[in-house]
Protein chains: 2
Amino acid sequence: MTISTLVPVFAALGDETRWSILAALGEGDASASALAGRLPVTRQAIARHLAVLQEVGLVDSVRVGRELRYRVIGTQLSDTARRLDRIGDEWDRRLAAITRIAEEL
Amino acid sequence: MTISTLVPVFAALGDETRWSILAALGEGDASASALAGRLPVTRQAIARHLAVLQEVGLVDSVRVGRELRYRVIGTQLSDTARRLDRIGDEWDRRLAAITRIAEEL
DNA sequence: GATTGATGCAACCTTAGAGTTGCAGTAATC
DNA sequence: GATTACTGCAACTCTAAGGTTGCATCAATC
């Protein structure tokens, strides 16, 4: 599991509109059309954002009647946070090691 | 402290080249020119990436002689991870609540 | 003080992505 | 079965971002 699998997730999270979509979905599952009613963007734009979010596993879709209902997957967010934290720790340790070496000189 | 301050951080982390820069800096502080020697991109491109990283607090710079030496700030990464984790938890709780309500119907 | 090696700035190219409009397809409902 | 409402697909615009080349600048060294 390399960090390169994380990059698309961060790229997905690096957009305000997608956050507002995620926030709206946090209030409860919804379809692209339903979201378009609440957000100041077109349904098509939202659909593409949802595709991006689904691609990186932040969102899931279920067919309900004639609508595609999306829901947030909290796990992916937690996982990402955990991995990010681990990387931060690694860097902290490495930086501490470098600092120690530098001070010993 | 709103999530909108987080978005630029994620946007910064959503680029492979910037990760390779961060990884290179993890090995020890370095200048843009030094990094250009190790990475397959121009110094100018690297300089701009470093500006972006510095903008969101992922990197810091110190003048050493005639060179600008950059270093990773592990804290920002850890903070981001913590905040992301908190958001994930909130969503998990909210989703659990919604699921519970749905099941009670 | 001339040279060397670093940064800073500007113009430019190219592509990816966010957004739009328009229309076709398709599944419920009356 | 006609209508209604949602999804799917395609073409188009526009801007931002990643990358490049070229030159100016400025500090350190010989």
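Reminder, nothing fancy here: chain letters follow the sequence lines and each chain counts from 1. Quick caveat, the model's predicted, so the values are computed rather than measured.
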Just to confirm, is there a sub-4.0 Å distance from OP1 or OP2 of dG19(C) to any side-chain nitrogen or oxygen of Thr42(A)? no

Checking Ser78(B) against Arg86(A): is there a side-chain donor and acceptor pair closer than 3.5 Å? no

Rounded interatomic separation in angstrom, taking CD from Glu55(B) and P from dA17(D): 11 Å

By side chain to side chain donor-acceptor pair (under 3.5 Å), Ser61(A) pairs with (sequence neighbours left out) Gln54(A)

Answer with yes or no whether the side chains of Thr5(A) and Arg83(A) bring together a donor and an acceptor at under 3.5 Å. yes

Atom-pair distance (CD1 on Ile46(A); P on dG17(C)), nearest Å: 19 Å

Are Leu13(B) and Leu13(A) side-chain neighbours, meaning at least one heavy-atom pair lies under 4.5 Å? no

Do the side-chain N or O atoms of Thr17(A) get closer than 4.0 angstrom to the phosphate oxygens (OP1, OP2) of dG19(C)? yes

Starting from P on dG19(D), measure out to CZ on Arg18(B) and report it in whole angstrom. 8 Å

Leu13(B) has an atom CG; how far is it from atom P of dG18(D), in whole Å? 12 Å

Please classify the nucleic acid contact of Ala47(B) as base, sugar-phosphate, or nothing, using heavy-atom distances under 4.0 Å. nothing

For residues Leu50(A) and Val59(A), report the shortest heavy-atom separation together with the two atoms involved. O-CG1, 4.2 Å

Show the distances under 3.5 angstrom between N or O atoms of the protein and N or O atoms of nucleotides 8-13 of chain D.
| residue | atom | partner | partner atom | Å |
| --- | --- | --- | --- | --- |
| dG8(D) | N7 | Arg43(A) | NH1 | 3.3 |
| dG8(D) | O6 | Arg43(A) | NH2 | 2.7 |

Send over the distance from Glu67(B) CD to dC26(D) C1', rounded to a whole Å. 14 Å

Given dA17(D), is OP1 or OP2 found less than 4.0 Å from the side-chain N or O atoms of His49(B)? no

Results of salt bridge (Lys or Arg N to Asp or Glu O under 4.0 Å) for Arg82(A) - residues two or more places apart only: Asp79(A)

Any pair counted as salt bridge (charged side-chain N to carboxylate O under 4.0 Å, His left out), so long as it reaches residues 33-62 of chain B, sequence neighbours left out: Asp60(B)-Arg71(B)

Atom pairs under 3.5 Å: protein N/O with N/O of nucleotides 1-5 of chain D:
| residue | atom | partner | partner atom | Å |
| --- | --- | --- | --- | --- |
| dT4(D) | O2 | Arg66(A) | NH1 | 3.4 |

How many Å lie between CH2 on Trp19(A) and C1' on dA18(C), as a whole number? 19 Å

Is there a path of hydrophobic side-chain contacts, each under 4.5 Å between heavy atoms of I, L, V, M, F, W or Y residues, that connects Leu77(A) with Val7(B)? yes

Here the distance between atom P of dA16(C) and atom CD of Glu16(B), to the nearest Å, is 14 Å

Quick one: which residue pairs count as a salt bridge (charged side-chain N to carboxylate O under 4.0 Å, His left out) with a foot in residues 5-22 of chain A, not counting sequence neighbours? none

Pairwise 5' ranking along DNA chain C for Val64(A) and Ala11(A), keeping only the more 5' one: Ala11(A)

For the pair made of CZ in Phe10(A) and P in dG17(C), what is the distance, rounded to whole Å? 18 Å

